[in-house]
A.B. asks: 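Take a look at this one; I'll ask things after.
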Amino acid sequence: MTSQICILISILIYLGLMIYIGVRYSKNNTQADDFYLGGRKLGPLVTAMSAEASDMSSYLLMGLPGLAYISGIADVGWTAIGLALGTYANWLFVSRRIRRYSSTIGSFTIPEFFSKRYGDDKHLLTCIAAVVIVIFFVPYTASGFAACGKLFSTLFGMNYMLAMLLSAAIIVLYCTLGGFLAVSTTDLMQSVTMTIALVIVVGYGAVAAGGLDAVAANARELPGYLSMVQTYVADTASSKPYTPLTIVSTMAWGLGYFGMPHILLRFMAIQDEKKLKLSRRIATVWVVISMSVAILIGIVGYGMSKAGVIPVLEGSNSETIIIQIASVLSSHGVIPALIAGVILAGILAATMSTADSQLLAAASSISQNLVQDFGRKKLEAKTSLLIARATVIVISLIAVFIARDPNSSIFTIVSFAWAGFGAAFGPVVLLALFWKRSNKQGALAGMIAGGVMVFVWKYGIATLGGAFAIYELLPAFIIALLVNVAVSLATAAPSEEIVKTFEEVKQSVTK
């Protein structure tokens, strides 16, 4: 009972701080631009850590360790390599150009950027992009709410729905109050909390498992567990080859970064674009270290199970590995219990930092892009801000309804949503920034082709097995890119005004 009280104290302090930040920044939101993009006032540190914290959702502290625990390092290893390369490439090639371009054409959401970049007066691009965001962000957000619900119900024996509703209410509160600045600032706090949690868990876990030598010895007993070209199959206690095609498709996770609205918004929001180089270095280093430690936690967790410290975890239960480790730590006294609370707050941080960003992006898609841009209903600043906040609440209610089943896999949901954004938006973003011949017809066709192909490949073609059983992002991204280029070349070239703006941005960026 004492350990649970200490854990609860740590978590309540953390949640209280998040709400305080929301209240503090609520005074800075006088119009929709402030609510959605913070008036483009982010500093380099907040930009870097906010982008990566909103990226590293609950799969960092639950999905990746759980997958490593079950299957070894191949799946998570190649995924992490792809994500690290994608992170660096996104900051290197996309960040500065989209910051300059979005500022030049006066856009502060991704759908609006697409429409203004291509001179789409009918806002068809805005409409389709907004629909894509809602389709893939609502279940993504639901997975975050579910993770919070599992956490509290596992720790305190709370009813799952009650625990999830409580978590969702707190996220919605500081998100609706403080908007983008609150979300970005809390993301910085959350990235620090996540880092502390990772370091403590891997250190304590290694000691509890009997040391790193014992952890390595236990892992070597499993065929393919420590191999990058084989993967361990728990059901048969055997290994299977990790083919070059599988490696390439797994590394394709990195392509997803080019189409992530909540990450691209951070690039658009930095105050001084010259500081993006510093942000890139901070972000890349943090991503590499955090994912490496997360994978190590999964391996250490298996060693703890072998040592009898924690129970053997099967299936989706493997994603609770950090919760299990924190529970054991909390049994050693008041101070360890408080530390365990910080670890569990880290899980909340990983979940909340992504859920709040997704809510904000989805809200902007509906209230700004669908209602005002596509629906052509011009609203006063206060009315627009009110609708934005109401939209956050409505989307949250839908996400809560979807998340009512606690048995879904966090990693599976995240991977599908990631593929959806990467394929639908990634090629459009890259061609919009780097190819002046691309036009709105190509962008529209490519966006639709990418989003649809994710579903077709995942639930149709991939079921054929063999070479077709690859991560849906890779084929969907390639097809979307080809469709975008083909349709752009087959239709009329963009107007001189659009090309002129493209050249101006290109020259200003290369100076």
Side-chain angles (χ1 to χ4, degrees), residues 37 40 47 51 55 85-120 125-126 128-129 132-133 254-270 272-277 279-280 283-284 361 369 421-451 473 477-478 480-489 491 493-511:
L37 212 58
R40 302 186 196 269
T47 299
D55 159 31
L85 292 174
T87 297
Y88 185 80
N90 204 26
W91 281 95
L92 181 64
F93 299 115
V94 173
S95 62
R96 187 179 181 191
R97 188 162 295 214
I98 199 170
R99 169 64 174 84
R100 181 67 60 86
Y101 219 139
S102 63
S103 179
T104 299
I105 62 180
S107 59
F108 56 91
T109 70
I110 297 303
E112 185 183 30
F113 169 74
F114 290 151
S115 280
K116 289 189 175 181
R117 158 65 177 86
Y118 289 111
D120 179 19
L125 278 171
T126 298
I128 298 300
V132 168
I133 286 175
L255 295 174
Y257 277 108
F258 300 123
M260 292 298 132
H262 53 303
I263 296 175
L264 297 173
L265 284 175
R266 267 60 184 183
F267 300 159
M268 294 164 59
I270 193 169
D272 184 359
E273 64 184 62
K274 294 179 181 178
K275 299 293 180 63
L276 282 168
K277 186 175 182 179
S279 297
R280 180 179 76 233
T284 304
N369 302 134
F421 285 119
F425 288 163
V428 180
V429 169
L430 292 175
L431 293 177
L433 296 177
F434 294 98
W435 190 40
K436 66 180 178 182
R437 181 59 178 81
S438 65
N439 61 21
K440 61 184 177 182
Q441 291 86 356
L444 186 62
M447 193 183 301
I448 295 173
L473 174 54
F477 188 97
I478 293 173
L481 185 65
L482 293 176
V483 167
N484 196 326
V485 172
V487 173
S488 291
L489 292 175
T491 52
S495 67
E496 291 184 6
E497 182 180 354
I498 291 175
V499 173
K500 181 181 178 182
T501 302
F502 178 92
E503 293 292 351
E504 288 176 353
V505 171
K506 179 181 177 181
Q507 291 175 8
S508 66
V509 170
T510 54
K511 287 181 179 179

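Atom set for the values below is all heavy atoms of this structure, side chains included, hydrogens, waters and symmetry mates excluded.
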A.B. asks: What pair of heavy atoms forms the shortest contact from Ala283 to Trp91, and how long is it?
C.D. replies: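 Where Ala283 meets Trp91 most closely, the heavy atoms are CB-NE1, 3.5 Å.
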A.B. asks: Which residues pass the salt bridge (charged side-chain N to carboxylate O under 4.0 Å, His left out) test with Glu504, sequence neighbours left out?
C.D. replies: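 None.
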A.B. asks: Identify, with sequence neighbours excluded, every residue that meets side chain to side chain contact (heavy atoms under 4.5 Å, CB included) alongside Ser115.
C.D. replies: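 Residues passing side chain to side chain contact (heavy atoms under 4.5 Å, CB included) with Ser115: Asp120, His123, Leu125, Thr126.
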A.B. asks: Could I get the full list of side chain to side chain contact (heavy atoms under 4.5 Å, CB included) partners for Ala449, not counting sequence neighbours?
C.D. replies: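 By the side chain to side chain contact (heavy atoms under 4.5 Å, CB included) rule, Ala449 matches Val483.
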A.B. asks: Test of understanding: with salt bridge (charged side-chain N to carboxylate O under 4.0 Å, His left out), list the residues that count as partners of Lys500, not counting sequence neighbours.
C.D. replies: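 For Lys500 there are no salt bridge (charged side-chain N to carboxylate O under 4.0 Å, His left out) partners, ignoring immediate neighbours.
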A.B. asks: List the residues meeting side chain to side chain donor-acceptor pair (under 3.5 Å) with Ser495, not counting sequence neighbours, and say none if there are none.
C.D. replies: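 Once residues adjacent in sequence are excluded, Ser495 has no partner under the side chain to side chain donor-acceptor pair (under 3.5 Å) criterion.
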A.B. asks: Can you see which heavy atom on Ser102 is nearest to which on Ile98, and at what distance?
C.D. replies: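 Looking at all heavy atoms of both residues, the shortest contact is OG-O, 2.8 Å.
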A.B. asks: Among all residues two or more places apart in sequence or in another chain, which pass the side chain to side chain contact (heavy atoms under 4.5 Å, CB included) test with Ala480?
C.D. replies: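 Only Pro427 meet the side chain to side chain contact (heavy atoms under 4.5 Å, CB included) criterion with Ala480.
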A.B. asks: Sequence neighbours left out, what passes ring pair (Phe, Tyr, Trp, His ring centres under 6.0 Å) with Phe258? Give chain and number order.
C.D. replies: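 Phe258 satisfies ring pair (Phe, Tyr, Trp, His ring centres under 6.0 Å) with no residue once adjacent residues are dropped.
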A.B. asks: Could you give all pairs that pass the salt bridge (charged side-chain N to carboxylate O under 4.0 Å, His left out) test and reach residues 423-439, with sequence neighbours left out?
C.D. replies: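 Every salt bridge (charged side-chain N to carboxylate O under 4.0 Å, His left out) pair that includes a residue of residues 423-439, provided the two are not neighbours, is Lys436-Glu503.
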A.B. asks: Which residues pass the side chain to side chain donor-acceptor pair (under 3.5 Å) test with Tyr88, sequence neighbours left out?
C.D. replies: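 In terms of side chain to side chain donor-acceptor pair (under 3.5 Å), with neighbours along the sequence ignored, Tyr88 is linked to no residue.
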A.B. asks: Who are the ring pair (Phe, Tyr, Trp, His ring centres under 6.0 Å) partners of Phe114, not counting sequence neighbours?
C.D. replies: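 Counting only residues at least two positions away or on another chain, Phe114 forms a ring pair (Phe, Tyr, Trp, His ring centres under 6.0 Å) with Phe425.
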A.B. asks: Which residue pairs pass the salt bridge (charged side-chain N to carboxylate O under 4.0 Å, His left out) test when at least one of the two sits in residues 85-95, sequence neighbours left out?
C.D. replies: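 Those involving residues 85-95 do not exist here.
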A.B. asks: Which residues satisfy the side chain to side chain contact (heavy atoms under 4.5 Å, CB included) test with Leu482, sequence neighbours excluded?
C.D. replies: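 Here the qualifying residues are Ile478.
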A.B. asks: Would a distance-only check, ignoring hydrogens and angles, find a side-chain to backbone donor-acceptor pair under 3.5 Å from Ser103 to Arg100?
C.D. replies: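 Judged by distance alone, no pair lies under 3.5 Å.
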